[in-house]
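Note that this is a predicted model, so its numbers are computed, not measured. Residue numbering restarts at 1 for every chain, and letters A, B, ... go by the order of the sequence lines.
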Amino acid sequence: MDYLSELNPAQRQAVEATEGPVMVIAGAGSGKTRVLTYRIAHLINKGVDAFNILALTFTNKAANEMKERIAQIVGPSEARNIWMGTFHSIFARILRQEAERIGFPRDFTIYDTQDSKNLIKTIIKEYGLDDKIYKPGLVLSRISAAKNNLISVEDYKKSVNLIAEDRQSAKPKLVDIYDTYQRRLMKSSAMDFDDLLFKTNILLAKNPDILVKYQHQFKYILVDEYQDTNFSQYLIVKQLAAAYQNICVVGDDAQSIYAFRGANIQNILNFKKDYPDAKIFKLEQNYRSTKNIVNAANSIIELNKEQIKKEVWTDNEEGNKIEIYKASSDNEEGKIIANIILEQKLSKQLHNYDFAVLYRTNSQSRAIEETLRKKNIPYKIYGGTSFYQRKEIKDLLAYYRLAINPNDEESLKRVINYPARGIGKTTLDKISVAAVNSGKSMWEIIANIRNAGLGLNNGTLNKVSAFADMIKSFNVQVATTEAYELGNQIASTSGILKELYADKTPEGISRYENVQELLNGLKEFSETQKKIDPEKTPVLPDFMQDVALLTDQDNETDEDRDKVTLMTIHASKGLEFPYVFIAGMEENLFPSQMALHSRADLEEERRLFYVAVTRAKKQCYLSYATQRFKWGQQIYCEPSRFIDELNPLYIEHKYPVNRAKQTLGKESETRKSTPITPPKNLKKVSEIKSNPQESAFNLPISVGSLVEHQKFGVGEVLELENGKASINFKNAGKKQLLLKYAKLKLIS
DNA sequence: GTATTATCTAAGTCT
DNA sequence: TAGATAATAC
C-alpha cells in the first residue's frame, strides 16, 4: 500500500523524519492521526521491530483504532506488538512487571477517584479534623497536584511555600494527610491514578538498570496530544527518550484543555529548548471542516495571547454560517436541538450518528436527554455515571478486587456488609481502630479475627470469620481458576445476584441486567483471550488489570451505532461529527464561573470553545438559554462572551418559530412526567418509549369510579376538583392525589 | 444491627 | 433535583 502518496508535503515530511527529535504542530482537523499511524507503519516498514515502538495516546480507544489502521498496512501480527495506549495503562503495565522493585505486589489495585476520596475522608475523620474545612475533594486535588509535579511527602514537608499556603488556607495538617494517605495506599497495596505516573518516575530514577532496559526497548517514542501532558508525564518521556532521542511529539497548543489536571502547556512551547536540534513541522491545512467553521474558530483563538503562531486554512466548501439559537429555558434548548435534528435528518437523509451535542458540564445532559427521549431520538451519553461507576457494578468489582488483593481497604469496606450480613458500623469501627493501632491492614485483622481480641460477641465473630473464609476461598482460586468461572462463582456466592434478583422495581431489574452485562463482558474477555493464546488460562486478574482505567468510550458496542452522541467538550477531543451542537453558551457556565478570575483560566476556556467548534465538519450550532435549572432552582443567564467574540461574518442569529402549544403552567409538562432514568449509556436503551407510564390526567375518571394505584391498591374516587382527586383506598385509606402525577388504572 | 425518614449539599472539565 | 449522610424508630 502506497501510504506516502496519501500525504501532503508537510505530513509526509513528518512521517519520513523518523530519526531524532521531532515536533509536529497539528492544527485542528489537519490529519494528525493519519500522520501518527503512517509514521508508525513507516517505521515498521523500514525494519524497526514493533516491539521497540512506544506510542502514548490520550485514550485507549484512540490507541485501538490506530492499531487497527496500522494492522491494515503492516499486518496484524506486527501491529499487535506495538506498545500503544494511554500513559496510565502503559505504565501500569510496566509497574506490574517491575512491582517488587518499588515494594508493591504485582496485583496491586488501582484506586479510582471515589476510592481516593473515601480514603481521604476516613483519614480526615481519624485525625478529628473538620471536613468542612478539609473538604476531601479539595484535599485530594492538592495532593494530586503535588504528585503530578513530582513533589513527594518529604519534598512537601520541606517546601516553605506549600506549607505556608496550607497555613494560609487554614489547612496546616494537609501534609500529614498526604503522608498518611500514601502510607494507607501502600498498606492496601493500591495506587491512585497519579501514583501510576509518580511511581514510574521513581522506578526509572532509582533503578538505572531498569531505566536502561526500557530506554533500549523503546527506541522510538511517539506522544500524541503532547499539549496535555503534565510534568510527571513529561519527565517519564524525557527519561525514556534520553538514550536514542527518537522522540516524536504531536500536539496543538490551541487545544490544550487539561491544565486543571496538571497539564503544562509549556511542555509543548519548550520542546525546542529540551531538544535544540528538533525538527518542527506544522500541519495547517484543515481537511475536516467548512471554511466558515475554520474561519470562525480562528477568530476565537486569535484572542489568546500565548500560542505558537500558525495559520489553519481549508480548501473545503464555504458551508453554512454558524447558527445561534436563543432558548427560554434549558428544556426549551433541548427542544430546539431535537427539532433541528429531526428536520435535518429528514431533509438531508442523515443518520443519528451524524449529530453530536456537546456541553461544558455533565449536569447539562439531563435536559437534553429528556427532550431527545420524548421525541424518540436515540442517543448515547459518554461520561457522567459511566457503566463502571454504577453502584451494582462497583459492588461486584469490589469483590473481584478483594479476591485478588484482600488488603484493598476501600473494597473491603464496601462489601463487608453488602449484601447485609450483620457486620455493622460498631464492629467495623473496632476493626479499623485495631488496624490503625497495630499497623496492620484491616484484612489482616479480619483474617485472624478470633485472635484479635476485640471483645466481639460470638455471633459477630462467626459472621466476620465466615466472610473472611469466603474471601480466602476466592483468593486461593484467583491465580488458577478461569476468569469467567470464578467471576460467576463470586457473583453468586457473595449473594449479590440473589440480592439484586429479589428487587423487582424497574431500577432493580436494570441493576440486575447491568450485573449480567458485566458477567457477559467477562465471558467475552475470557473467550477472546483463549483464542489469542489457547495455552494460557485467562484469569480474573487479567480482566481486572485496567478496569479502573477504562472509560465509556472503550466500552462501545454495535448497538451504540446509530445514535446521537452526547458528551462534554473535554470528552470530544480528537473526535469529529458532521453536525455539532454546542449547548449552554452562557456566562458562568461557558466560560465557567470559576475561570473568570485569571487570564490563563479564561484562555483555557477559550481553547475549549475552539476545540468544540472544530469538532464540526459541516455545520455547527450554538445555543443558550435565558433561564436554567441549577440545584432545582431557576436561575437567569446571559449569553456567553464567546458568542460576541466570534467574527460576525461567520455567524447567524436564528429565531426559531415557537412550536404549537405554548401552554402556560407548562411546568408539569416539561419537568415532571419523566419516569425512571433509563439505563443511560447502556445497551438496552435501543427501544426508547416516550411515555410508558401514562399519567391519569386523561383517564375518564368520575366520582364513584373504581381505580387501581401502583402502591395503594384499589380505591374509590370520592371527589374530583380541578385535577385533584380524593380517593378512598381499601388498604391504604383516604388519599389526595393529583391526577397529573398519579399512575392510576381505571377499573370501572 | 437495620430500615426508614429527615436534612444537607452539591455540579467543572478526566485518567 | 438527587444522592449522601445523619437522625430516628424499630
Side-chain angles (χ1 to χ4, degrees), chain A residues 56-61 85-92 110-114 116-118 121 125 131-132 135-138 140-141 144 147-148 191-197 225 228-230 232-233 256-263 330 358-367 370 382-386 388-389 391 417-429 457 459-460 463 546-554 567-573 584 588-596 601 604-605 607-609 611-612 628-635 671-672 674 676-677:
Chain A
L56 297 163
T57 59
F58 202 73
T59 62
N60 287 308
K61 189 186 172 207
T86 62
F87 272 91
H88 288 87
S89 62
I90 292 280
F91 294 114
I110 299 172
Y111 272 11
D112 65 20
T113 311
Q114 202 49 54
S116 298
K117 254 190 213 162
N118 289 341
K121 225 181 268 176
K125 258 191 206 144
D131 64 359
K132 297 233 162 56
K135 290 191 177 150
L138 289 180
L140 179 62
S141 64
S144 166
K147 288 204 237 183
N148 283 328
M191 295 192 201
D192 68 12
F193 289 136
D194 305 316
D195 279 337
L196 296 174
L197 306 173
E225 309 283 8
D228 284 323
T229 51
N230 61 35
S232 189
Q233 294 168 318
S256 162
I257 54 173
Y258 279 98
F260 72 91
R261 202 167 89 182
D330 43 2
L358 309 181
Y359 35 79
R360 177 68 240 270
T361 68
N362 278 306
S363 55
Q364 286 167 256
S365 69
R366 186 189 313 162
E370 247 173 55
Y382 292 101
T385 30
S386 77
Y388 291 103
Q389 279 165 5
K391 184 190 172 304
N417 198 32
Y418 178 82
R421 47 173 73 87
I423 306 173
K425 195 173 175 301
T426 328
T427 314
L428 207 57
D429 280 348
N457 65 39
T460 313
K463 288 172 192 163
D546 33 34
V547 159
L549 303 174
L550 291 180
T551 63
D552 285 344
Q553 297 197 26
D554 304 322
M567 55 169 54
T568 63
I569 303 169
H570 281 90
S572 76
K573 192 169 80 154
N588 298 331
L589 182 59
F590 192 23
S592 158
Q593 191 164 19
M594 298 178 206
L596 300 180
D601 285 351
E604 176 148 319
E605 295 285 307
R607 290 192 296 269
L608 194 56
F609 185 40
V611 168
R628 176 179 295 280
F629 271 92
K630 197 176 185 183
W631 297 320
Q633 272 188 328
Q634 197 115 37
I635 54 156
R671 284 256 110 205
K672 193 65 195 167
T674 319
I676 334 89
T677 329

Using only side-chain N and O atoms of A:Thr568, determine if any of them is under 4.0 Å from OP1 or OP2 of B:dC14.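 Looking at the OP1 and OP2 atoms of B:dC14, one of them is under 4.0 Å from a side-chain N or O of A:Thr568.
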For a quick test of reading the model: is some side-chain N or O of A:Asn148 closer than 4.0 Å to OP1 or OP2 of B:dT15?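 So the side-chain polar atoms of A:Asn148 never come under 4.0 Å of the phosphate oxygens OP1 or OP2 of B:dT15.
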Does the salt bridge (charged side-chain N to carboxylate O under 4.0 Å, His left out) test come out yes or no for A:Lys125 and A:Asp131, once each step is laid out? CA-CA 8 Å; A:Lys125 258 191 206 144; A:Asp131 64 359; over 6 Å; no
Which part of the nucleic acid does A:Glu605 contact within heavy-atom distance under 4.0 Å: base, sugar-phosphate only, or nothing? base
Using the six-membered ring for Trp and the full ring for Phe, Tyr or His, decide whether A:Phe87 stacks on the six-membered base ring of B:dT15 (centres under 5.5 Å, planes under 30°).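 Not stacked: fails the 5.5 Å / 30° test.
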Test salt bridge (Lys or Arg N to Asp or Glu O under 4.0 Å) applied to A:Asp194 - qualifying residues, sequence neighbours left out: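 Salt bridge (Lys or Arg N to Asp or Glu O under 4.0 Å) list for A:Asp194, sorted by chain: empty.
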How long is the line joining [atom1] of [X] and [atom2] of [N], in whole Å?
X	N	atom1	atom2	answer
A:Ile257	B:dT13	CD1	P	13 Å
A:Gln114	C:dG3	CD	C1'	11 Å
A:Gln593	B:dG12	CD	P	8 Å
A:Phe58	B:dT13	CZ	C1'	10 Å
A:Phe609	B:dG12	CZ	C1'	18 Å
A:Leu196	B:dT15	CG	P	13 Å
A:Met567	B:dT15	CE	P	11 Å
A:Gln389	B:dT15	CD	C1'	11 Å

Tell me every residue that passes side-chain hydrogen bond (donor to acceptor under 3.5 Å, both in side chains) with [X], counting only those two or more places apart in sequence or in another chain.
X	value
A:Lys391	A:Asp395
A:Lys132	none
A:Thr113	none
A:Thr86	A:Ser89

Donor-acceptor contact present, side-chain A:Asp330 to main-chain A:Gln364, <3.5 Å: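 No.
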Applying ring pair (Phe, Tyr, Trp, His ring centres under 6.0 Å), name anything that partners A:Phe590, two or more places apart in sequence or on another chain. A:Phe609, A:Phe642
Please identify each residue that fulfils ring pair (Phe, Tyr, Trp, His ring centres under 6.0 Å) with A:His88, with sequence neighbours left out. none
Quick one: list whatever passes side chain to side chain contact (heavy atoms under 4.5 Å, CB included) with A:Ala259, sequence neighbours left out. A:Glu604
Can you name the residues that form a side chain to side chain contact (heavy atoms under 4.5 Å, CB included) with A:Lys463, not counting sequence neighbours? A:Ile423
Watson-Crick and G-U pairing of DNA chain C written in dot-bracket, each distance under 3.5 angstrom, with | for inter-strand partners: ||||||||||
By nearest-nucleotide position on DNA chain B, the 5'-leaning member of A:Ala595 and A:His88 is A:Ala595
By nearest nucleotide on DNA chain B, pick out whichever of A:Asp601 and A:Phe193 is the more 5' one.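 Going by which nucleotide is closer to the 5' end, it is A:Asp601.
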Determine whether a donor-acceptor pair (one donor, one acceptor, N or O, separation below 3.5 Å) exists between the side chain of A:Ser592 and the base of B:dT13. no
Decide yes or no, distance alone: a donor-acceptor N/O pair under 3.5 angstrom between the base of B:dG12 and the side-chain of A:Glu604.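 Per atom types, no contact qualifies.
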Might you list the N or O atoms of the protein lying below 3.5 Å from N or O atoms in nucleotides 4-10 of chain C, with each pair's distance?
unit_1, atom_1, unit_2, atom_2, d
C:dT5, OP1, A:Lys121, NZ, 3.1

Anything under 30° is parallel, anything over 60° is perpendicular, the rest tilted; go ahead and classify A:Phe58 against A:Tyr258.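 Correct class here is tilted.
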Atom pairs under 3.5 Å, N or O on each side, protein against nucleotides 1-11 of chain B: can you list them with distances?
unit_1, atom_1, unit_2, atom_2, d
B:dG1, OP1, A:Thr427, OG1, 2.9
B:dG1, OP2, A:Thr426, OG1, 2.6
B:dT2, OP1, A:Gly422, N, 2.9
B:dT2, OP2, A:Asn417, ND2, 3.3
B:dA11, N3, A:Ser363, OG, 3.4

